[in-house]
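The first residue in the sequence is number 1, and the count goes up from there. Every value quoted in this text rests on a predicted model; they were computed, and no experiment measured them.
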Amino acid sequence: PSWDRTGGIWYRRGEVILHRCVFDSTYRAVGSPGGSIIAAQCNFRHITGWALQSYDQVLATDCSFQSDSVRWAQVDGRSGTRIERCRFSGSYGQQTTLYLAGNDIQVRDCVFGPGTSQGWNRIYFGCRNSVFENNIIEDWAIFGGIFQLRMSQPASNLFCNNVMRNCITP
């Protein structure tokens, strides 16, 4: 349906590569359900739907994600996703910042905050054999929890060297 593809790029089956791009005030920035998305040094501002959405891997490096009111997730990625040195801030309404599911996912050296949320968890982590490392989660007012961990079998995930500060439930 057209409401699911407004604004930005919708590429059904191939790889999308972005470098130093700015997406501002669109519902979706990039969607590639059948291919991977690679984004480096990009800015995603005022995105109300998804910034990066793939049922394959998302590789985001040195990107900034700023939201006024997200209707789903800033980054939605599957097995092999890598998110490094990115910043996530703003109001997330009742939705989430990251929606990650699959194997071998890595989130490293990112900053989450400042931000607010009125529902759901900030990070959905349905992963196995994955890493969440050296991240800062700060200045976040949230009505739910920071993480929602979902694993149907032993996960073997590594969470290390992360800092959470000034995260409150109003």
Side-chain angles (χ1 to χ4, degrees), residues 4-5 8 10-13 15-16 27-39 42 44 47-61 63-67 69-113 115-138 140-164 167 169:
D4 200 29
R5 299 183 195 117
W10 179 260
Y11 192 51
R12 202 173 280 281
R13 300 243 184 262
E15 181 178 80
V16 177
Y27 176 78
R28 173 190 312 279
V30 181
S32 182
S36 60
I37 299 172
I38 300 168
C42 294
F44 302 91
I47 307 297
T48 57
W50 291 268
L52 302 174
Q53 180 196 24
S54 174
Y55 299 127
D56 200 331
Q57 66 178 239
V58 173
L59 307 174
T61 307
C63 293
S64 174
F65 300 85
Q66 189 276 328
S67 175
S69 181
V70 172
R71 294 192 182 129
W72 184 239
Q74 285 289 288
V75 178
D76 183 354
R78 301 299 182 270
S79 293
T81 290
R82 303 281 185 270
I83 301 170
E84 298 178 344
R85 297 180 310 277
C86 293
R87 180 167 192 103
F88 299 85
S89 63
S91 170
Y92 284 84
Q94 302 213 7
Q95 299 307 325
T96 190
T97 308
L98 301 179
Y99 187 94
L100 304 170
N103 296 308
D104 190 31
I105 292 173
Q106 297 178 18
V107 180
R108 287 194 161 106
D109 304 311
C110 294
V111 176
F112 298 87
T116 61
S117 168
Q118 291 137 13
W120 214 21
N121 307 92
R122 293 308 78 226
I123 299 166
Y124 176 91
F125 204 77
C127 306
R128 287 178 303 283
N129 302 320
S130 297
V131 176
F132 193 89
E133 180 178 39
N134 297 329
N135 299 292
I136 297 172
I137 302 169
E138 64 183 350
W140 215 295
I142 183 168
F143 287 85
I146 298 294
F147 285 97
Q148 179 180 7
L149 304 176
R150 277 270 167 111
M151 280 83 48
S152 59
Q153 43 191 291
S156 298
N157 291 321
L158 176 65
F159 294 85
C160 67
N161 300 323
N162 298 294
V163 175
M164 294 175 76
C167 295
T169 300

message: Would you compute the distance between atom CZ of R87 and atom CD1 of I136 and round it to the nearest 0.5 angstrom?
response: 8.5 Å
- prompt: How would you list, by chain and number, every residue that makes a side chain to side chain donor-acceptor pair (under 3.5 Å) with S36, sequence neighbours excluded?
  reply: E15
statement: dist R78:CZ -> Q53:CD (nearest 0.5 Å) comes out at 8.0 Å
message: Would you say N129 and N103 are linked by a side-chain donor-acceptor pair, where the criterion is simply a distance under 3.5 Å?
response: no
- line: Nearest heavy-atom approach of A29 to A51 is CB-O, 3.0 Å
- request: Kindly give the heavy-atom pair with the smallest separation between S130 and G102, and that separation in Å.
  value: OG-O, 4.2 Å
message: Within the structure provided, determine whether W50 and Y27 are in side-chain contact (heavy-atom separation under 4.5 Å).
response: yes
- request: Give the minimum heavy-atom separation between C86 and A60, together with the two atoms involved.
  value: SG-O, 3.6 Å
field: Polar side-chain atom of T97 near backbone of I123 as donor-acceptor pair, under 3.5 Å
entry: no
- request: Could you list the residues that satisfy salt bridge (Lys or Arg N to Asp or Glu O under 4.0 Å) with E133, not counting sequence neighbours?
  value: R108
- prompt: So how far is it from L59 CG to I38 CD1, rounded to the nearest 0.5 Å?
  reply: 5.0 Å
field: Spatial distance of atom OH (Y99) from atom OG1 (T81) [nearest 0.5 Å]
entry: 12.5 Å
field: Side-chain heavy-atom pair D104, R82 within 4.5 angstrom cut-off
entry: yes
task: Please tell me if the side chains of I83 and L100 come closer than 4.5 Å, counting only heavy atoms from C-beta onward.
output: yes
Shortest non-hydrogen contact from A39 toward C63: O-SG, 3.6 Å
query: Would you call the rings of F112 and F88 parallel, tilted or perpendicular, where under 30° means parallel and over 60° means perpendicular?
result: parallel
field: Close side-chain approach of F132 and N162, heavy atoms under 4.5 Å
entry: yes
field: Test log, rule side-chain contact (heavy atoms from CB on, under 4.5 Å), inputs R85 and T61
entry: CA-CA 6 Å; R85 297 180 310 277; T61 307; 2.9 Å; yes
- request: Indicate the atoms forming the closest heavy-atom contact of Q57 with S79, along with that distance.
  value: CB-O, 3.4 Å
- prompt: salt bridge (Lys or Arg N to Asp or Glu O under 4.0 Å) with D109: which residues, sequence neighbours excluded?
  reply: none
field: L98 side, atom CG; L52 side, atom CG - distance, nearest 0.5 Å
entry: 10.5 Å
- request: Would you mind reporting whether E138 and V111 have side-chain heavy atoms less than 4.5 Å apart?
  value: yes
message: Ignoring hydrogens, what is the shortest heavy-atom contact between I47 and S67? Give both atom names and the distance.
response: O-OG, 3.6 Å
